[in-house]
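Predicted, not measured: the structure shown is a model, and the values here were computed from it. Reminder, nothing fancy here: chain letters follow the sequence lines and each chain counts from 1.
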Number of protein chains: 2
Amino acid sequence: MALDHAILVSLLEKPGSGYELARRFERSIGYFWTATHQQIYRVLKRMESDGWIDVREVPQQSRPDKKEYSVAALGRTVLAEWLHEPIEPESVRHELAVKIRGAAFDDPAALIREVERHHHKHTERLAHYLAGERRDFTGPDAPEALDTGEELQHVVLRGGIAYERMTIAWLEDVLATLRRLGTAP
Amino acid sequence: MALDHAILVSLLEKPGSGYELARRFERSIGYFWTATHQQIYRVLKRMESDGWIDVREVPQQSRPDKKEYSVAALGRTVLAEWLHEPIEPESVRHELAVKIRGAAFDDPAALIREVERHHHKHTERLAHYLAGERRDFTGPDAPEALDTGEELQHVVLRGGIAYERMTIAWLEDVLATLRRLGTAP
DNA sequence: GCGATCATGTAATCGGTTACATGATTAT
DNA sequence: ATAATCATGTAACCGATTACATGATCGC
C-alpha cells in the first residue's frame, strides 16, 4: 500500500491539514496517486495513533480551526524502509481498452464519441501539466537552480507529460481505426 | 467495475473455463486488465447465477473435467449497456513516482538500482508485445486481411506498445536525473 | 438567501489481494 | 520421486468508493 507513503512524502514536502492534503491530491501528488478526503482522514488518524505523524491544532480566525500534520521521526523511518523495498511495475487497468475490444460485438462507430471525449480530457490534462511545468520549472518565474526535491518533482511531471502525449497519439490511432472500420466494413 | 465486462468480452471472443480465462488474464486481456483465478471463479459463479453466462460441463480424458462458460443473451445485453455508458479517464496510480519524490528525503542514488530493474522489466514486456504483434498482426503468418475484432485487438496492442516505449524513455530520463543528482549535488 | 469554499468526519459496501486447500496427470 | 501443469474452489482481510452528515464563513 502506498497511500500512507504518498501522504508522508507530501507532508515532508510541506506539513498541512487533511483538507489541504485532499487538495494536493487533486493536483501535484494526485497526478500519480489519487485519494479522496475520506480516505485521507482515515489514514491520518491511523498514522497519528501509530506515532508516524504529529498533530498541531491551529486556531484560525474567520475560518474553522484545522489540524496541521507533520511527519514524526517514526514516520521518516517507515518511509525510508519503504523506499528501500523493491516494488513490482504496476499492472495496468485500462477500462477503455476493454471497451474497444468489446466494440467488436457492438457497433464500433458508437465508440467514436466516447474516444473523442477522452482525447479532449487528456489534451486538457496535458495543457495543465505544461502550464505547471512552465510555472515551476522552465518559465521565467521558476528558480534558476533547482534543488534535489525540485529536480525530482520535475522528472515525475515530465513522466506525466510523456504519458499524456502518448495517450493522445494513441487515441488518435484508435479514432482513425474506428473510422476506417465504419466506412469500409 | 469492469472485471465482469472484461470477462464477458473475453468469453465472446472465445468461450472457455475459469482456468483458461485466468491464463488469458496473464496475456492478451491481461495486458490492460489484471485478475487472479480466485477473482475470476467468484465472478463466473455470480454471473452464472445471474444468468449472464451459460455453463457446459466438458468431460476430458487425461485431464480434469472443466466447465466451459459462454455468454448468454442477458450477458450480451448487459455488455451492450455498459459499452454505451461513458467512463472517466482512469486515474493513474504510479507507486514508482511516489518513490521518486520520496527520494528527496532519502538517498536519490539508492533508487538507481530499482529504476534499472523497472527499465529491464518494461523492456522485456515491450519485446513480448512486439513478438505478439508480429505473430498475430504484421508477420508472415498473420492473416492478410484482419476482421473487425482483430483490428480492434491490434489497436489495443499498439496502445500497450506505445505505453511501454514511453515508459522506457521516461525511466531513462529518471536514471539520467538520479545520476546527475548523485555526481553533482 | 445561496452557492462556494474551508474543514472534518462516519458508515456501508464492494472489489481486490493473500493465504489456504485439494487433487489429477504429464514430463523429467 | 517430484516438479510442473491443469483445474477449481473457500476464507479472511483490507483498501477504495460512495453516500451520508455537520457546520462555519465569504462573496454575490
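In this structure, the OH atom of Y19(B) is 13 Å from the P atom of dA4(D), given to the nearest Å. Distance, H37(B) NE2 to dG23(C) C1': 13 Å, rounded to whole Å. For the pair Q60(A) CD and dC6(C) C1', the computed distance is 8 Å after rounding to whole Å. Distance NZ (K66(A)) to C1' (dA24(D)): 16 Å, rounded to an integer number of Å. Computed from coordinates, the D4(B) CG to dG15(C) P distance equals 7 Å when rounded to whole Å. Rounding to whole angstrom units, CD of residue E68(B) and P of dC6(D) are separated by 16 Å. Computed from coordinates, the Q61(A) CD to dC26(D) C1' distance equals 14 Å when rounded to whole Å. In this structure, CD1 of I7(B) is placed 13 Å from C1' of dG16(C), rounded to the nearest angstrom.
There is no side-chain donor-acceptor pair under 3.5 Å between H120(A) and E116(A). Judged by distance alone, the side chains of S28(B) and R101(A) do bring a donor and an acceptor atom under 3.5 Å apart. Residues H154(B) and D136(B) bring no donor and acceptor atom of their side chains to less than 3.5 Å of each other. A donor-acceptor contact closer than 3.5 angstrom is absent between the side chains of R56(A) and S70(A).
Residues L3(A) and G18(B) each lie close to DNA chain D; by heavy-atom proximity, the contact nearer the 5' end of the strand is made by G18(B). Where A2(A) and R63(A) meet DNA chain D, the nucleotide closest to each residue was compared, and A2(A) sits on the side nearer the 5' end.
Contacts between residues 39-59 of chain A and DNA chain D, defined by a heavy-atom separation under 4.0 Å, are made by Q39(A), R42(A). A heavy-atom distance below 4.0 Å to DNA chain D is reached by none of the residues of residues 21-32 of chain A.
Relative to the ring axis of W170(B), R158(A) does not place its NZ or CZ within 45° and under 6.0 Å from the centre.
Note that the CZ atom of R24(B) and the CD1 atom of I29(B) stand 8.5 Å from one another [nearest 0.5 Å].
In this structure the side chain of Y41(A) reaches within 4.5 angstrom of the side chain of H37(A), judged on heavy atoms.
Distances from the side chain of P64(B) to the nucleotides dG9(D), dT18(C), dC6(D) place dC6(D) closest.
A salt bridge links K121(B) and E88(A); the closest N-O separation between the charged side-chain nitrogens and carboxylate oxygens is under 4.0 Å. Salt bridge absent: D141(A) and R134(A) never bring a charged side-chain N and a carboxylate O closer than 4.0 Å.
Between Q38(B) and dC20(C) there is no side-chain polar atom (N or O) within less than 4.0 angstrom of OP1 or OP2.
Within 4.0 Å (heavy atoms only), S17(B) reaches sugar-phosphate atoms of the nucleic acid but no base atom.
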